[in-house]
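Every value quoted in this text rests on a predicted model; they were computed, and no experiment measured them. To find a chain, count down the sequence lines: A is the first, B the second, and so on, and within it residues start at 1.
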2 protein chains.
Amino acid sequence: MSKGQSTKRVILDEATEIASRTGLQALTIGTLAARTELSKSGLFAHFRSKESLQLEVLRHARDRFVDLVIRPALATPRGEQRVRALFEHWLSWCRGDALEGGCIFTAAATEFDDQPGAVRELLVNDERDLADTVAQVFRTGISEGRFRADADPYQFAQDLHGILLAYVHTARLLADPKAEQRARRAFEALLDAAR
Amino acid sequence: MSKGQSTKRVILDEATEIASRTGLQALTIGTLAARTELSKSGLFAHFRSKESLQLEVLRHARDRFVDLVIRPALATPRGEQRVRALFEHWLSWCRGDALEGGCIFTAAATEFDDQPGAVRELLVNDERDLADTVAQVFRTGISEGRFRADADPYQFAQDLHGILLAYVHTARLLADPKAEQRARRAFEALLDAAR
DNA sequence: GCCTAAAACGAACGGTCGTGCTAAAAAGGG
DNA sequence: CCCTTTTTAGCACGACCGTTCGTTTTAGGC
């Protein structure tokens with residue numbers, strides 16, 4: 001790997017960390033340069049615009065998400081077990097085990113849901129892919145006979161997402177230690193209802 | 001009402017609208033002044049700092065939320081009916097019927113969940129109050145015998161919040177027209193499980 | 001170890017940010 | 001209608017924003 005690529009990865013790691021805490025808008029080139037001990041112009045040269053930086057941060061975060069959540073889930077046996085693995089890894093992601101600032105997508109989603117542009121479009125694509133993946137994983141549970149045949153996979157996907165979003169809200173903002181336990185209970189109830 | 005108070009209300013109305021779309025951070029004094037056709041300094045005189053503006057916007061939005069969601073719900077008969085009213089008005093709020101930009105609290109929550117300060121504290125207080133209110137409304141459903149006596153009111157509050165958050169995400173970001181229908185299904189499933 | 005290409009820097013740009021200060025305009029009770 | 005108080009405007013400030021450009025430093029193949 002060339003020098004340029006390696007420093008770019010350092011930059012993106014730090015940028016992803018900052019963005020997960022303060023959002024993609026508040027991620028400023030000046031502070032990012034200071035944090036990585038680079039000059040503003042030296043850093044800027046790696047990206048040709050701020051929007052491009054935001055896009056690369058989002059892609060970088062998505063790669064991490066796939067590595068830490070999606071892939072491990074798909075590595076477990078099809079059916080209910082895989083659904084459980086997906087939930088557990090996703091919960092860990094939201095807890096901030098990977099990014100100290102918590103789920104960067106949740107932050108970006110509320111930041112850009114009303115602001116048209118390339119960032120929003122990338123975000124929409126990623127989130128649609130995620131919903132598709134969740135629905136597909138759930139479908140394998142149906143075909144394995146663990147869930148009702150008439151259960152709606154996309155209903156499951158939206159419900160599961162809600163459990164995670166509520167967990168993030170209750171745990172991170174309200175600092176309620178029971179949030180995780182409630183998320184687990186909600187997940188079990190969701191599985192029960194699908195059986 | 002004095003002139004100052006009336007223009008202040010105009011400012012706060014506009015500010016709440018902007019903040020619901022772009023967030024409290026992106027709500028800038030310059031653009032707010034342009035939008036209300038006031039000079040920057042003239043507008044600034046009404047608040048003594050940006051943080052104070054953000055706090056007043058949040059309080060203004062909370063008052064609207066109480067008027068449009070909490071009060072109408074409390075005006076319906078105790079028990080399941082009141083729980084349903086709370087859900088329906090809250091859903092309408094999230095749909096953007098009141099604020100074009102959608103739920104301002106959801107946006108602010110993800111924006112400030114990692115940023116200590118007075119804004120975060122106010123937000124935490126408001127959201128705790130909301131959770132308490134939801135739990136209390138659910139409790140009346142228990143005492144009316146509509147829900148299981150051993151159901152956990154705060155579990156219900158977190159679950160209900162998740163349904164709304166997932167609705168916002170799916171409807172506003174993904175622009176999925178089925179989001180609302182799924183939110184209603186999830187709500188009915190939540191009630192069923194509580195019976 | 002040289003030479004080219006890549007990478008990082010320093011300085012500057014036009015703008016906008018939040019925030020003061022002072023003066024003008026408007027409001028409104030007497 | 002005057003006089004005081006309240007409300008608004010004008011102007012300036014230092015800081016930081018994203019971005020450009022020309023120069024200097026570093027990599028890394030030959």
S.K.: What string of B, S and - do you get for nucleotides 2-19 of chain D, 5' to 3', when a contact is any protein heavy atom under 4.0 Å?
M.R.: -----SBBBB-----BBB

S.K.: Could you pull out all donor-acceptor pairs under 3.5 Å where a side-chain atom in residues 71-80 of chain B meets a protein atom, sequence neighbours excluded?
M.R.:
unit_1, atom_1, unit_2, atom_2, d
B:R71, NE, B:D67, OD1, 3.3
B:R71, NH2, B:D67, OD1, 2.9
B:T76, OG1, B:A73, O, 2.7
B:R78, NE, B:E144, OE2, 3.3
B:E80, OE1, B:R146, NE, 3.3
B:E80, OE1, B:R146, NH2, 3.0
B:E80, OE1, B:R195, NH1, 2.8
B:E80, OE2, B:R84, NE, 3.1
B:E80, OE2, B:R84, NH2, 3.0
B:E80, OE2, B:R195, NH1, 3.3

S.K.: Pairs in or reaching into residues 113-126 of chain B: which pass side chain to side chain donor-acceptor pair (under 3.5 Å), with residues at least two apart or in two chains?
M.R.: A:R172-B:D114, B:R62-B:D126

S.K.: Name all residues meeting the salt bridge (charged side-chain N to carboxylate O under 4.0 Å, His left out) criterion together with B:D13; count only those two or more places apart in sequence or in a different chain, and write none if there are none.
M.R.: B:R64

S.K.: Taking atom P of C:dG20 as reference, at what distance in whole Å does atom CZ of B:F47 sit?
M.R.: 15 Å

S.K.: Atom CE of A:M1 and atom C1' of C:dA7: how far apart are they, to the nearest Å?
M.R.: 15 Å

S.K.: Please go through B:L165's hydrophobic cluster and name the other residues, only I, L, V, M, F, W, Y counting, with side-chain heavy atoms under 4.5 Å joining them.
M.R.: A:L165

S.K.: Mind checking side-chain hydrogen bond (donor to acceptor under 3.5 Å, both in side chains) for A:T110 and listing every partner two or more places apart, or none if nothing turns up?
M.R.: B:T110

